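Since the model is a prediction, treat every value here as computed from it, not as a measurement. Letters A, B, ... mirror the listed sequences (proteins, then strands); counts begin at 1.
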Amino acid sequence: MLRVPHDAEDLLQEVFVQIWHQADRYSEDRGSPEAWIMNITRSRAIDKLRSKRRMEKSFVLTDDPARAESTENVESSAAESETKLTVNSALANLPEVQRRVLELAYFDGLSQTEIADRLKEPLGTVKTRMRSGIQRLRDMLGMKVA
Amino acid sequence: MATEHERWQEQSEIFALGALDGQELKDFEAHLASGCAICEAYLRETRETLNLLHRSLQPMTPSATVKNRVIQHIAGEKIAPIRAPRPKESRRWQRMTGTIAACIIGIVLSGTYYHYRYEPRHTVYSSVIELLRDPATRDHTLYGTGPTPTAKGRFLWNESGEGHIFVSDLPAAPQGKMYAVWTIAQQSAPRYVGIVETNPEGRGGLHIKVAKSNRPAEVFAVTLEPLGTTTAPSGPMVLVSKQS
């Protein structure tokens with residue numbers, strides 16, 4: 001999401017420290033531990049992105065969010081690799097317009113209004129695309145990922 | 001015909017994505033704060049799906065300095081419960097070892113906790129979501145009556161024999177009593193489908209799976225019964241749906 005390894009490492013450190021401090025705030029009502037940690041991470045990443053955007057007025061969105069960068073890859077287990085393939089396949093099977101709005105929201109942290117502005121599309125269209133995309137993902141990932 | 005919850009569920013998907021904003025965000029947060037169990041379940045399910053998206057990214061190994069920075073940060077903190085009983089822990093490696101051990105124990109405990117506490121609840125939430133996905137599922141409001149006029153509830157029911165009841169503001173059943181749940185078809189005796197229990201806050205729920213009936217249920221009710229009552233209701237009705 002952050003695209004800069006150094007920023008990602010800073011974020012990783014902040015997240016670990018936050019989890020250490022706030023472990024008692026975890027509640028199973030809000031999801032699995034992994035989901036809780038992911039929400040913290042994503043939330044902080046989005047804060048950083050928005051802060052960066054405020055500073056960089058000439059922000060240019062890349063089409064491929066950090067996906068192509070693979071300098072030092074961690075070794076993945078077979079199960080993780082399979083999950084990754086499944087998720088990538090699900091994303092690839094989404095219509096381009098749906099995938100685009102999901103990526104702008106999930107990876108770039110844009111709100112529905114910001115996405116509508118960026119794509120110059122009506123807000124209602126953006127909402128419909130988001131919801132259709134999520135529902136298709138639920139159908140595809142719900143069946144294939146345990 | 002769109003139900004009230006279809007609108008909230010539409011917004012919950014965009015909320016889970018983190019993209020809801022403006023007045024819609026405020027309205028949805030207020031709705032969640034009101035304690036809507038259906039939206040909480042739907043939101044949680046959507047978040048679990050969206051949280052898989054990060055796995056589409058190429059993982060990268062952070063530099064070794066990150067681990068050291070994290071451990072130094074944590075090990076340098078004054079945590080009374082750890083330091084007080086161990087005054088001799090002045091050497092850094094001892095503090096680091098303790099920190100790492102605590103992390104490992106935390107991970108193990110989290111995993112254990114997840115499996116024993118989260119999995120069963122997750123299964124229930126998933127079942128509710130499956131019910132909601134089925135267009136044949138009906139959503140009935142339950143109204144307090146008799147001794148509990150302020151009680152509230154919802155009854156999701158599918159004629160396949162599966163359903164889920166949510167209740168709120170229903171005080172715990174007195175000693176020796178239970179809240180029995182019934183479905184009632186036209187010209188048929190009430191059918192017992194289970195017992196719903198409430199927590200100290202008066203909230204409770206029950207997932208129902210019974211054999212399919214030939215006659216569609218038209219009324220849904222909860223009565224206060226002596227323990228063991230399953231054949232026919234005899235006690236006061238505490239919640240009932242309006243006849244559809």
Exercise. So, do A:M130 and A:I115 sit near enough that their side-chain heavy atoms are less than 4.5 Å apart?
Worked result: yes
Exercise. Relative to chain B, which segment of A:E14 carries a heavy atom at a distance below 4.5 Å: side chain, backbone, both, or neither?
Worked result: neither
Exercise. Which residues satisfy the side-chain contact (heavy atoms from CB on, under 4.5 Å) test with B:D21, sequence neighbours excluded?
Worked result: A:S111, A:Q112, A:T113
Seminar exercise, completed: The interface call for B:L43 against chain A, heavy-atom contacts under 4.5 Å, is neither
For this session: In plain terms, say whether B:K26 and B:E29 are close enough for a salt bridge, that is, a side-chain N and a carboxylate O under 4.0 Å apart.
Result: no
Exercise. Residues two or more places apart in sequence or in another chain: which of them pass side-chain hydrogen bond (donor to acceptor under 3.5 Å, both in side chains) with B:T148?
Worked result: none
Problem set entry | B:Q11, part contacting chain A, at a heavy-atom distance under 4.5 Å | neither
Problem set entry | Between B:T65, B:L25, B:L20, B:I14, the one whose heavy-atom pairs under 4.5 Å with chain A are most numerous | B:I14
